[in-house]
Amino acid sequence: MVMMLLFGAYDTIVLKAQDKYEVEVDGVLQEYTHPYFQCLVMFSGQALCLIIYFSKKYCCGSKSDNKSVLDAEAPKEVGGLKTSINPVLLLIPASCDVGASTCMFIGLTQCDASVYQMLRAMLIPVVATFSMLFLKNKYYLHHYVSIVAIVVGVAIVGLVSVQAH
């Protein structure tokens, strides 16, 4: 958790520094804000991890020879969820992630990095809502109170940010 916090903060600072970089175009200094390119570079870097994954899988071979008795008898369905799915189905959430990241990078060009980080907390109510709808998760009163507190806090931060500019 600490590493996620540190690298998340580092990522935001680097992205904001890139947005503040100025280039000269026809003798006029302009900020170099290209959130689409930032998103492309980020996801390209993540996709490069697939090269390592597939090369490791190819070089080391499958572990079918080393399967234990428990793995061989493992069911294909655990708790009503499939354990092996079509990888193409992963394109749906991946596409949503690319779209959301691009929108967030566009937002980062329009506000301070600290406000951007706090406004990202609005993901929590969205994820909670989708987990109730699609995963049938059950939430209790303390969960709803926390979600409402997050929404109120983010609304205050957003209003103060808008009024300050």
Side-chain angles (χ1 to χ4, degrees), residues 1-53 78-83 85-165:
M1 187 170 75
V2 171
M3 295 303 284
M4 285 180 65
L5 181 67
L6 291 176
F7 283 108
Y10 173 77
D11 182 47
T12 300
I13 292 168
V14 168
L15 288 170
K16 189 62 177 181
Q18 288 174 352
D19 290 340
K20 292 295 183 183
Y21 189 77
E22 292 182 339
V23 294
E24 188 174 337
V25 178
D26 297 329
V28 179
L29 286 178
Q30 296 179 356
E31 285 185 346
Y32 185 79
T33 55
H34 293 283
Y36 301 107
F37 181 71
Q38 290 173 328
C39 191
L40 173 71
V41 169
M42 181 185 76
F43 281 101
S44 297
Q46 291 177 354
L48 288 175
C49 294
L50 289 173
I51 294 172
I52 297 170
Y53 170 76
V78 178
L81 299 174
K82 291 181 182 179
T83 56
I85 62 168
N86 185 350
V88 177
L89 290 176
L90 297 176
L91 287 176
I92 298 167
S95 301
C96 292
D97 191 27
V98 169
S101 295
T102 303
C103 290
M104 288 193 320
F105 288 168
I106 292 170
L108 182 59
T109 65
Q110 305 298 315
C111 66
D112 297 328
S114 57
V115 173
Y116 164 81
Q117 280 290 70
M118 288 184 268
L119 292 176
R120 285 180 61 189
M122 276 306 290
L123 287 173
I124 297 169
V126 173
V127 170
T129 302
F130 285 158
S131 71
M132 285 187 295
L133 291 174
F134 298 116
L135 301 177
K136 308 294 185 219
N137 286 351
K138 183 178 179 183
Y139 290 108
Y140 300 101
L141 180 61
H142 63 280
H143 295 126
Y144 291 112
V145 170
S146 300
I147 291 170
V148 168
I150 289 168
V151 171
V152 169
V154 168
I156 291 170
V157 168
L159 287 174
V160 169
S161 175
V162 168
Q163 289 177 350
H165 293 285

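Keep in mind that this is a model prediction, so the values were computed, not measured. Residue numbers start at 1 and run along the sequence shown.
Considering every non-hydrogen atom in both Val151 and Pro125, the closest pair reads CG2-CG, 3.7 Å. Scanning both residues, Ala121 and Val154, for their nearest heavy atoms gives CB-CG2, 3.9 Å. Taking both residues in full, the closest heavy atoms of Gln38 and Leu15 are given as NE2-O, 3.3 Å, listed atom of the first, atom of the second, then distance.
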Output a table of donor-acceptor pairs, distance under 3.5 Å, between side-chain atoms of residues 99-109 and any protein atom two or more places apart or on a different chain; print 'none' if there are none.
residue : atom : partner : partner atom : Å
Ser101  : OG   : Asp97   : O            : 2.9
Thr102  : OG1  : Val98   : O            : 2.8
Thr109  : OG1  : Ile106  : O            : 2.5

Distance-only donor-acceptor hits, side chain of residues 24-31, under 3.5 Å, sequence neighbours excluded:
none

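Atoms CE and CD1, from Met122 and Ile147 in turn, are 10.5 Å apart once rounded to the nearest 0.5 Å. A distance of 9.5 Å separates OG in Ser146 from CD1 in Ile124, rounded to the nearest 0.5 Å. Interatomic distance, CG of Leu123 versus CZ of Phe130, reported as 11.0 Å (0.5 Å rounding).
Considering only residues two or more places apart in sequence or on other chains, Phe7 meets the ring pair (Phe, Tyr, Trp, His ring centres under 6.0 Å) condition with none of them. For Phe37, the ring pair (Phe, Tyr, Trp, His ring centres under 6.0 Å) test picks out no residue, with sequence neighbours left out. In this structure, Tyr36 has no ring pair (Phe, Tyr, Trp, His ring centres under 6.0 Å) partners at least two apart in sequence or on a different chain.
In this structure a side-chain-to-backbone donor-acceptor pair under 3.5 Å is missing from Lys16 to Asp11.
Legend: side chain to side chain donor-acceptor pair (under 3.5 Å) pairs involving residues 116-139, not counting sequence neighbours, sorted by first then second residue: Thr12-Gln117, Gln117-Arg120, Ser131-Tyr139.
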